[in-house]
Amino acid sequence: MSTLIWIAVALLLVGVYLSWTAGRLDRLHARIDAARAALDAQLLRRASVAQELATAGVLDPAASIVLYEAAHSARQAEEEHREVAESELSQALRAVFAETQQVEAVREAPGGEEAAGELAAAVRRVPMARRFHNDAVRAARALRRHRTVRWFRLAGHAPFPLAFEMDDEPPAALADRPT
């Protein structure tokens, strides 16, 4: 009789562990979804501010076209091409705002101080949001690699989480601006 009790206790402990692990994995997937939504919001904000600046008439025509095209492509990109489009927007921002004179020209325009501050804030927030998302993905991947998770299929039918890899280096002229 005591053997049956020990077997029942062992099965109960294994069940509690599996339930706890499945709950942890579920929370990680929810964290990934929330981080992805925050990343998408920051990327959209950055593209919107860049597009607004490109159409404001404060930049020279060539810079306006480059920035507008990159921002428009980033906003309209399909999910499978999003990383490339966002990287191209980062490159366009670095090309347009490579020198502080361009930022100063924007600041001198009516409403330009606010626009430059908003762009600087958006450019700084994208790498943070991407880092939070990729950290959550890394944690979920590490847990999903455990044998127990695979053997008991604790991840269910959730897709394997993918990191968002893009060039998010801010332009030097905007990176150091206080907001």
Side-chain angles (χ1 to χ4, degrees), residues 18-56 64 66-97 103 106 111 113-146 148-150 152-179:
L18 291 176
S19 174
W20 176 79
T21 303
R24 182 171 168 225
L25 190 58
D26 187 50
R27 287 189 301 277
L28 281 171
H29 281 279
R31 191 171 119 199
I32 289 170
D33 291 341
R36 181 58 189 243
L39 175 61
D40 286 342
Q42 292 304 323
L43 291 172
L44 181 63
R45 181 173 181 239
R46 180 180 76 153
S48 297
V49 171
Q51 205 168 20
E52 192 176 304
L53 259 177
T55 58
S64 292
V66 167
L67 195 57
Y68 181 83
E69 288 293 323
H72 181 71
S73 295
R75 289 184 73 181
Q76 302 297 321
E78 299 282 330
E79 192 59 37
E80 59 269 4
H81 302 295
R82 183 102 188 261
E83 294 171 348
V84 173
E86 294 294 346
S87 293
E88 289 172 354
L89 177 55
S90 294
Q91 293 165 0
L93 284 166
R94 279 197 308 274
V96 170
F97 296 105
V103 177
V106 170
E113 184 67 41
E114 182 180 307
E118 194 174 341
L119 182 62
V123 162
R124 277 195 311 271
R125 287 182 181 144
V126 166
M128 287 188 292
R130 189 175 74 85
R131 195 171 319 123
F132 288 141
H133 175 266
N134 288 350
D135 287 346
V137 166
R138 197 173 302 111
R141 282 180 164 184
L143 185 58
R144 286 182 70 152
R145 279 200 275 291
H146 289 189
T148 337
V149 173
R150 289 185 317 221
F152 290 100
R153 298 176 188 238
L154 298 180
H157 297 290
F160 196 73
L162 299 174
F164 194 86
E165 297 300 333
M166 64 172 273
D167 173 9
D168 60 3
E169 184 181 333
L174 287 174
D176 301 329
R177 283 190 45 79
T179 54

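The chain is numbered in sequence order, starting from 1. Every value quoted in this text rests on a predicted model; they were computed, and no experiment measured them.
With respect to Asp33 and Arg36, no salt bridge is recorded, no charged nitrogen being found less than 4.0 Å from a carboxylate O. With salt bridges taken as basic N to acidic carboxylate O contacts below 4.0 Å, none links Glu78 and Arg82.
Taking all atoms of both residues into account, the shortest heavy-atom contact from Ala115 to Val49 is O-CG1, 4.3 Å. Considering all non-hydrogen atoms of both residues, Ser73 and Ala85 come closest at O-CB, 3.8 Å. Here the closest non-hydrogen pair linking Leu89 and Ala50 is CD1-CB, 4.2 Å. Between Val103 and Leu174, the closest heavy-atom pair is CG2-CD2, 4.1 Å. Of all non-hydrogen atoms in Pro171 and Val123, the two that sit nearest each other are CD-CG1, 3.7 Å.
Counting heavy atoms from C-beta on, the side chains of Tyr68 and Leu53 never come closer than 4.5 Å. Taking the side chain as every heavy atom from C-beta outward, Arg125 and Arg45 approach each other to under 4.5 Å. At a threshold of 4.5 Å between non-hydrogen side-chain atoms, the residues Thr148 and Thr21 do not count as touching. Between Val106 and Phe97 the shortest side-chain heavy-atom distance falls below 4.5 Å. Side chains of Arg150 and Arg144 form no contact here, defined as non-hydrogen atoms less than 4.5 Å apart. Residues Pro127 and Arg131 are in side-chain contact: their nearest non-hydrogen atoms beyond the backbone lie under 4.5 Å apart. In this structure the side chain of Leu93 never reaches within 4.5 angstrom of the side chain of Pro170, judged on heavy atoms.
For the atom pair OG (Ser48) and CD (Glu52), the distance works out to 8.0 Å, reported to the nearest 0.5 Å. How far CZ of Arg138 is from NE2 of His133: 11.0 Å, rounded to the nearest 0.5 Å. Of the inter-residue distances, the one linking Leu39 atom CG with Met128 atom CE reads 12.0 Å to the nearest 0.5 angstrom. Between the CG atom of Asp26 and the CZ atom of Arg31 there is a distance of 13.0 Å, given to the nearest 0.5 Å. The structure places CD of Gln51 at 9.5 Å from CD of Glu69, a figure rounded to the nearest 0.5 Å.
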Applying side chain to side chain contact (heavy atoms under 4.5 Å, CB included), run through Arg46 and Ser90 and close with a yes or a no.
CA-CA 10 Å; Arg46 180 180 76 153; Ser90 294; 2.7 Å; yes
Tabulate below the donor-acceptor pairs under 3.5 Å that side-chain atoms of residues 152-168 make, not counting sequence neighbours, or state none.
unit_1: Glu165; atom_1: OE1; unit_2: Arg130; atom_2: NH1; d: 3.4
unit_1: Asp167; atom_1: OD1; unit_2: Arg94; atom_2: NH1; d: 3.1
unit_1: Asp167; atom_1: OD1; unit_2: Glu169; atom_2: N; d: 3.2
unit_1: Asp167; atom_1: OD2; unit_2: Arg94; atom_2: NH1; d: 3.2
unit_1: Asp167; atom_1: OD2; unit_2: Arg94; atom_2: NH2; d: 2.5
unit_1: Asp168; atom_1: OD2; unit_2: Arg130; atom_2: NE; d: 2.7
unit_1: Asp168; atom_1: OD2; unit_2: Arg130; atom_2: NH2; d: 3.4

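For Glu114, the CD atom sits in a loose shell: 12 or fewer heavy atoms of surrounding residues, nucleotides or ligands are nearer than 6.0 Å.
The one candidate from Asp135, Asn134, Val137 that meets the side-chain contact (heavy atoms from CB on, under 4.5 Å) condition with Ile32 is Val137.
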